[in-house]
Amino acid sequence: AQKVTQAQTEISVVEKEDVTLDCVYETRDTTYYLFWYKQPPSGELVFLIRRNSFDEQNEISGRYSWNFQKSTSSFNFTITASQVVDSAVYFCALSETNTGFQKLVFGTGTRLLVSP
Amino acid sequence: NAGVMQNPRHLVRRRGQEARLRCSPMKGHSHVYWYRQLPEEGLKFMVYLQKENIIDESGMPKERFSAEFPKEGPSILRIQQVVRGDSAAYFCASSPYRQGKGTEAFFGQGTRLTVV
């Protein structure tokens, strides 16, 4: 069965600090997708990234970067020089291609608090 | 191009009433997914529908919950005889394909159901 674990329930940092959110997943499928979503206090889900299991290249988008390591089944998310607007709950999610692209298994989320 | 539209954004129901949640997928999308987010938890898959068909309802509670996606009009998630435990945020996502072909996973803004 698929499972996503986000062991960090809540992280507090001061603005401009770097912060890494951990995500560990379990799946028996060899082809799967991993996602990160942001849920700000307003409640909507904001898509951040999708990564397929065949692409282990790390990705950087502005202050955001993602480290995908198949060997440890991890897909960690780093925010560099954090800002107050980064305060949100962040969810990691997994889908297996044979269950349909949008059938996602979510972790329980990590609440990030960035203080000025 | 409007995103996934959900209404209402907030819904209050008394115990025993019915709740109807609507989801209009993105233009051109014929696949809809419903998720539920209980307070302080991650999202959990409920049901996957294609136009006029339920493809996967493995996450739906056996009683009181039903979903449809008619040929015309939005997808409807119906909860009959609501109880306090149904209080949650309900999110809808849509996609044009069953299997991912470069599509991103976009969610609506959610409907927050409160049962009093």
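Only a predicted model underlies this, so the values are computations on that prediction, with no experimental measurement involved. Sequence lines set the chain letters: A, B, ... in the order given, protein chains first and strands last, and positions in each chain run from 1.
Hydrophobic clustering places B:L49 together with B:L21 (ILVMFWY residues linked when any side-chain heavy atoms are closer than 4.5 Å, directly or through intermediates). A chain of hydrophobic side-chain contacts below 4.5 Å, direct or via other Ile, Leu, Val, Met, Phe, Trp or Tyr residues, connects A:V4 to A:I11. Note on A:L21: it clusters hydrophobically with A:L34, by side-chain heavy-atom contacts below 4.5 Å among ILVMFWY residues. In the hydrophobic cluster analysis, where Ile, Leu, Val, Met, Phe, Trp and Tyr join through side-chain heavy atoms closer than 4.5 angstrom, A:Y32 is grouped together with A:L48.
Remark: A:R51 CZ is packed, more than 12 non-hydrogen atoms of other residues, nucleotides or ligands lying under 6.0 Å away.
For the set B:E41, B:K44, B:Q37, the count of heavy-atom pairs under 4.5 angstrom toward chain A peaks at B:Q37.
If you measure heavy-atom distances from A:Q6 to chain B, you find no contacts under 4.5 Å at all. Neither the backbone nor the side chain of A:T9 comes within contact range of chain B; no heavy atoms are under 4.5 Å apart.
Note that the CG atom of A:L45 and the OH atom of B:Y35 stand 10.5 Å from one another [nearest 0.5 Å].
Of all heavy-atom pairs between A:Q39 and B:R112, the closest is NE2-NH2, 4.1 Å.
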From CA spacing to verdict: side-chain contact (heavy atoms from CB on, under 4.5 Å), B:L43, A:Y37: CA-CA 11 Å; B:L43 281 74; A:Y37 287 87; over 6 Å; no
